[in-house]
Amino acid sequence: MSLTPSEDRNVFLKIISHAKEYGFVFPSSEIYDGLAAVYDYGEYGVELKNNIKQLWWKTMVHLNENIVGLDAAIFMHPLTWKASGHIDGFSDPMIDNKDSKKRYRVDHLLEAKADELIEAGKNTDAEILLQTMNQLLAKEDFVTLKTLLETEKIVCQVSKTANWTEIRQFNLMFSTEVGAVAEEANKIYLRPETAQGIFVNFLNVQKSGRMKIPFGIAQIGKAFRNEIVARQFIFRMREFEQMEMQFFVRPGTEMEWYNKWKETRIKWHKALGFPSNKLKFHDHEKLAHYANAAVDIEYEFPFGFKEIEGIHSRTDFDLKNHQALSGKKQQYFDPEINQNYIPYVVETSVGADRTFLAVMCNSYQEETTQQVIKAEDGTEKSETKTRIFLKLHPCLAPIKVAIFPLVKKDGLPEKAKEIMELLKYDFNVIYEERDSVGKRYTRQDLIGTPFCVTVDYETLTDQAVTIRDRDTTEQKRVPISSLYSLISDAVSFKRIFEQL
RNA sequence: GCGGAAGUAGCUCAGCUGGUAGAGCGAUAGCCUUCCAAGCUAUAGGUCGCGGGUUCGAAUCUCGUCUUCCGCUCCA
C-alpha cells in the first residue's frame, strides 16, 4: 500500500524527530539556533553509521583481493582542484530577476542568447558573444558581465524584464588558509570529493602494494560542498561522508567493469534490507565533465526516489589531467599486452549519510494493535496502541543486546551483570534495571536493539534466560551458555556477505 | 535571494479580549513489582527565539531581526 504525499511527509517528519529524540542525529550547534545543512550524529547514530562504514569497508576491501584501502587527507594541493575541473567547472555566477524573483546562471542566459543568434543565422555574433563571456568569466569580471547582459537585451523568460540584481558568485568549494602567518598564507580548499585523494596516490599504492590492473583503491572520508539548497535533513549536507572506490582498468574494458560494478553494488543495497521495489537505477543523460557513462542507484525515500550511490565511468580524465599538471607520468605498464597506458577508472561512490538515512527510513516501523483494557469496575474497552520500533538489520543495530534483571533485587542484577561481562567484549551491550521490564523493552525497540535478555528467578537455578526478539516480541528460554553463539550468528556481517 | 508557515520545559502542546508561566509524556532519586511504556512519593528543568516600541505592567499588542520547515533557482 502506498502512502499519499502528505502521509509520506508526516512519516519523514516523524523519522527526523525520532532521530533527534533517541540520540541518532542532532542539528549542529543547536544551542546557537543551529547551522543550516550541518548535523551531528548522537550516541546511537555514531554506532549505526560506524557499522555501515565498517560493513562497506569489509565488503569492498577485505572481500576483494584486488582492492586496498587508503585514508588521504582532506587538505590537498590547490592544483588538485585545477586538475579535477572543480575550480573552472563549478564557480558559477548567478543573477536574479527582481520582478519574477527567478534565479539564473549567467552563463546559461548568455548561451541561450547565443543559440538564438545562431538560429537567426548570425553565427559570428554568437561566437563573439561566447568568447567575450568566457573571457569575463575567467577574469571573474562580473560588472562587465552584467553590462554584457544589458547590451544583449537579455530578459527573464517569466517577467520579460531586464531588471537584474548584481551578479553573485556561487562557490562550490570551501576555502581556508594554510600558513600560520596571514601574509604568507595560501588559499586551499576542503576537498569536495574524496576521489582526488585516491587519484594522486594512484602510483604510490600501485607500487607499494604491487597492484596489478584491474585493481581498486577504497576510501571513506568527509567531503565538503557549498550546496545552494540544503534540504531533506541529512540527505544534502555541507559536510558529508563518502564511501568511494576507484577501480583502475585497462582502457577499452571500462564498460564491462562499469556494468559489473552496477550489479555488484545494487546487490549490496538489497542485502542491507532495502526492498527491490524501493531501489532503482537512474541513468544520467547529461554527463559530468569527466564521465563517459554514469548511473545512480536510487532509493525511494519518503520524499521520492533519490540518489544514494553513483557509479561513474570516469575514463582517464583525472589521471590524465594530474599527469599534465604535475608533470609526473601517471602510467601503468601492463605486462600482459606489453604496453604503457593511463588506466581508465570506474568509480563507485556511496554516501554514508544517505545510506544512513535510507536505513533509518527503511527500518522505522509503526505497528498498530487493538488491545482490550479491563477497567477496575469490570468494564472492558478496546484501545489502539502503536508500537514504534527500528527494524534494523542486527549487524547494523547500534546496541546488539540489552540485559535486564526482571526485578532490581534478590541477586538478579548481579546475575545480569555476570552475563553482561560475558558478552561485552564482543558486542555493544547495554544494562538496564530501571522501570518495569515492559518499559525497558520499549526503549530498546525505539533504538532498534535486536535482542533483550532478561534474568528472572529461575535463572538462578536453571542457568537459563529469556531472549526476546525485537521484531516479533516473542521470547525464547535459552541457556546462558548458548547466548554468545546465538547473538554472534545474528549480528555477524556474514549475514550480509552471504547474500552478495 | 524571493514567497508561505512556524518558534513557550527533552518531546507534544495549553495559556481567551495584556496582570511577572502550566499540563501530559519523558528525565532523575527512592519505594513497589515474577515479562511488554499505564502503581506510589519526591525532585530537577523555561530570562516564552532575540531586540526595540506602546503600557503602571507584554508569552499575549506592535515594529524589526534571527532561526527552522515548505516551494522556486543550482547540483559532479
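What you are looking at is a predicted structure, and each value in this text was computed from that prediction instead of being measured. We name chains A, B, ... by the order of the sequence lines, and we start the count at 1 in each one.
With A/Arg470 contributing its side chain and A/Thr449 its backbone, the two residues share no donor-acceptor pair below 3.5 Å. Using modelled atom types, no side-chain atom of A/Asp296 and backbone atom of A/His282 make a donor-acceptor pair closer than 3.5 Å.
Contact annotation: A/Ser436 reaches the phosphate of B/A38 (side-chain N/O to OP1 or OP2, under 4.0 Å). OP1 or OP2 of B/A27 sits under 4.0 Å from a side-chain N or O of A/Arg443. Between A/Arg434 and B/G30 there is no side-chain polar atom (N or O) within less than 4.0 angstrom of OP1 or OP2. Close to B/A38, at under 4.0 Å from its OP1 or OP2, lies a side-chain N or O of A/Lys439. Between A/Lys20 and B/C11 there is a side-chain polar atom (N or O) within less than 4.0 angstrom of OP1 or OP2.
The listed nucleotides are B/C11, B/C35, B/C36; the one nearest the side chain of A/Glu21 is B/C11. Between B/C35, B/U33, B/A37, one nucleotide has an atom nearer to the side chain of A/Thr442 than all others, and that is B/A37. The side chain of A/Tyr457 sits closest to B/U34 out of B/A27, B/C35, B/U34. Nearest to the side chain of A/Tyr441, among B/C36, B/U33, B/U34, sits B/C36. The side chain of A/Asp456 has B/C35 as its nearest neighbour among B/A37, B/C35, B/C36.
Rounded to whole angstrom, the span from the CD atom of A/Glu193 across to the P atom of B/C75 amounts to 16 Å. What separates CD of A/Glu298 from C1' of B/C75 is a distance of 14 Å, to the nearest Å. Between A/Gln444 atom CD and B/C35 atom P there is a gap of 19 Å when expressed in whole angstrom units. What separates CZ of A/Phe303 from P of B/C69 is a distance of 13 Å, to the nearest Å. Rounded to a whole Å, the CZ atom of A/Phe404 is 16 Å from the C1' atom of B/U34. The CG atom of A/Leu13 sits 8 Å away from the P atom of B/C70 (whole-angstrom rounding). In this entry the distance linking CG of A/Asp435 with P of B/C35 reads 15 Å, nearest Å. The CZ atom of A/Arg236 sits 10 Å away from the P atom of B/C75 (whole-angstrom rounding).
For A/Thr473 and B/C36, a side-chain-to-base donor-acceptor distance below 3.5 Å is absent, hydrogens and geometry of angles not being considered. For A/Asp445 and B/C36, a side-chain-to-base donor-acceptor distance below 3.5 Å is absent, hydrogens and geometry of angles not being considered.
Judged by Watson-Crick or G-U wobble contacts below 3.5 Å, the nucleotide B/A38 has no partner. B/C69 is paired with B/G4 under the Watson-Crick or G-U wobble criterion, all donor-acceptor distances under 3.5 Å. In this structure, B/U17 makes no Watson-Crick or G-U wobble pair, since no nucleotide meets both defining distances under 3.5 angstrom. Using Watson-Crick or G-U wobble geometry with both donor-acceptor distances under 3.5 Å, B/G64 finds its partner in B/C50.
Comparing B/A37 with B/G26, their P atoms are spaced 11 Å from each other, to the whole Å. Spacing of P atoms, B/U20 relative to B/A58, comes out at 11 Å, to the nearest Å. Here, B/U62 and B/U68 have their C1' atoms 24 Å apart, quoted to the whole Å. Straight-line distance between the C1' atoms of B/G4 and B/C40: roughly 49 Å, to the nearest whole Å. Using atom C1' as the reference point in both B/A59 and B/G19, the two lie 13 Å apart (nearest Å). For the P atoms, the distance linking B/G22 with B/A9 amounts to 14 Å, nearest Å. For the P atom pair drawn from B/G64 and B/C72, the interatomic distance equals 28 Å after rounding to whole Å. Taking atom P on both nucleotides, B/G53 is separated from B/C16 by 24 Å, rounded to a whole Å.
A/Arg387 comes within contact range of no nucleotide atom at all, as no heavy-atom separation falls under 4.0 Å. Within 4.0 Å of A/Gln475, counting heavy atoms only, lies at least one base atom of the nucleic acid. In this structure, A/Arg440 reaches neither bases nor backbone, as no heavy-atom distance under 4.0 Å exists between it and the strands shown. Using a 4.0 Å heavy-atom distance criterion, A/Tyr39 is classed as a sugar-phosphate-only contact.
A/Tyr22 and A/Tyr44 have their aromatic ring centers separated by at least 6.0 angstrom.
Residue A/Lys260 qualifies as enclosed at atom NZ: its count of foreign heavy atoms under 6.0 Å is above 12.
No hydrogens or angles considered: nothing links the side chains of A/Tyr189 and A/Thr80 as a donor-acceptor pair under 3.5 Å. Counting only N and O atoms by type, the side chains of A/Gln242 and A/Thr194 include a donor and acceptor under 3.5 Å apart.
Between A/Ser17 and A/Ile388, the residue anchored closer to the 5' end of RNA chain B is A/Ser17, taking for each the nucleotide with the nearest heavy atom. Both A/Asp296 and A/Thr454 sit near RNA chain B, but only A/Thr454 has its closest nucleotide nearer the 5' end.
A salt bridge does not link A/Arg191 with A/Glu244: every distance from a Lys NZ or Arg NE/NH1/NH2 to an Asp or Glu carboxylate oxygen is 4.0 Å or more.
Partner A/Lys222 forms a salt bridge (charged side-chain N to carboxylate O under 4.0 Å, His left out) with one of A/Glu193, A/Glu241, A/Glu239 and no other, that one being A/Glu239.
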